[in-house]
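Okay, structure first, notes after.
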Amino acid sequence: MKKILFPTDFSDVSKNAFIYALKLADAIDAEIITLHVYQLDSPAYLDVSIYLQEIYEYEELTNFENYKDEVPVLRKIAEANNLEHIKISNVLLQGSLVEEVVKLSKKENIDFIVMGTKGATHLREIFLGTIATKIMNESKAIVLAIPEKCEFKPIEKILFTTKYDIKDIEALQKVQTLANIFHSHIDCLNVKPPHTVYKDDFIVDFKNVFKNQNVAFHSILSNDVEGEILDFIEKNNINMIAIHVQHRSFFQKLFEVSLSKKLAFHSKIPILSIQ
């Protein structure tokens with residue numbers, strides 16, 4: 001059985017993302033491990049160790065009580081979506097979120113990490129935030145990030161951004177495996193500036209590898225790379241965007257286009273990150 005790790009802070013953003021975790025688990029016959037990580041703050045104004053110990057014990061108890069109250073809420077979400085048959089186990093840990101997610105992913109051989117993400121408050125901030133970005137970089141699992149205002153929709157169309165680099169083929173194969181499960185169509189899109197010679201364009205190899213799959217290949221000449229991608233998403237009713245982690249710097253730039261486009265894009269598109 002495959003495994004999905006679901007880091008949660010029990011916020012509305014996280015609960016919304018849990019529906020995607022459930023739907024994915026149902027589609028691939030997986031179990032879900034929910035993970036809540038908390039940190040103990042060390043009060044700077046107290047020097048007496050016995051008081052510190054009492055405070056730590058109190059904070060740990062409080063965290064446990066909150067955790068105990070919130071776990072049944074996730075089960076109710078599963079029941080409300082007729083997915084109560086999915087096996088769900090729950091883990092509560094003290095530590096750093098990114099570190100604990102990476103460690104548990106390795107220990108449990110996690111296949112997917114599904115997590116909610118909150119939008120940036122400033123234009124220059126990366127949409128996914130430092131937490132999700134670090135998890136994408138450090139974990140070997142496929143990461144599915146769900147924006148806070150994203151409502152669940154069947155994954156019918158997936159956009160895979162690529163430069164048709166040969167290294168992207170393996171990443172696209174992983175996306176295609178998921179697309180087969182959801183019966184989704186994949187659009188591969190490369191937007192490159194005009195008047196530029198590309199010697200490493202392996203689009204023919206891509207077409208040969210995926211010739212019998214539901215995959216289409218597009219190349220657009222434009223100086224407005226990010227704008228063309230956003231327009232493609234809107235015009236083609238894309239339900240999910242998939243990226244190869246090695247192109248993360250470009251991916252970050254994609255979310256720094258214009259505020260209006262940025263907010264419209266972030267409100268509805270899940271992001272699939274492939275290591």
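A 4.5 Å side-chain heavy-atom check between Leu189 and Thr162 finds every atom pair outside the cut-off. At a threshold of 4.5 Å between non-hydrogen side-chain atoms, the residues Ile113 and Ile142 do not count as touching. The side-chain heavy atoms of Ile33 and Phe6, taken from C-beta on, include no pair separated by under 4.5 Å. Residues Ile271 and Pro147 have side chains in contact (heavy-atom distance under 4.5 Å, counting atoms from C-beta outward).
There is no side-chain donor-acceptor pair under 3.5 Å between His218 and Asn190. Counting only N and O atoms by type, the side chains of Asp224 and Ser222 include no donor and acceptor under 3.5 Å apart. Between the side chains of His36 and Asn90, no donor-acceptor pair is found at a separation under 3.5 Å.
Between the side chain of Ser184 and the main chain of Asn180, no donor-acceptor pair closer than 3.5 Å is present. No donor-acceptor pair under 3.5 Å is formed between the side chain of Asn236 and the backbone N or O of Ile238. Side chain of Asn239 to main chain of Glu156: a donor-acceptor pair is present (N/O by atom type, distance under 3.5 Å, no hydrogens or angles). For Asp29 (side chain) and Ala25 (main-chain N/O), no donor-acceptor pair under 3.5 Å exists by modelled atom type. Without hydrogens or angle criteria, Asp165 side chain to Lys167 main chain gives a donor-acceptor distance under 3.5 Å. With hydrogens and angles disregarded, no donor-acceptor distance shorter than 3.5 Å links the side chain of Asn16 to the backbone of Gly116. In this structure, the side chain of Asp26 does not engage the main chain of Leu22 through any donor-acceptor pair within 3.5 Å.
Checked against a 6.0 Å centroid threshold, the rings of Phe206 and Tyr164 count as neighbours.
In this structure, Lys106 does not pair ionically with Glu138, as no charged nitrogen and carboxylate oxygen lie closer than 4.0 Å.
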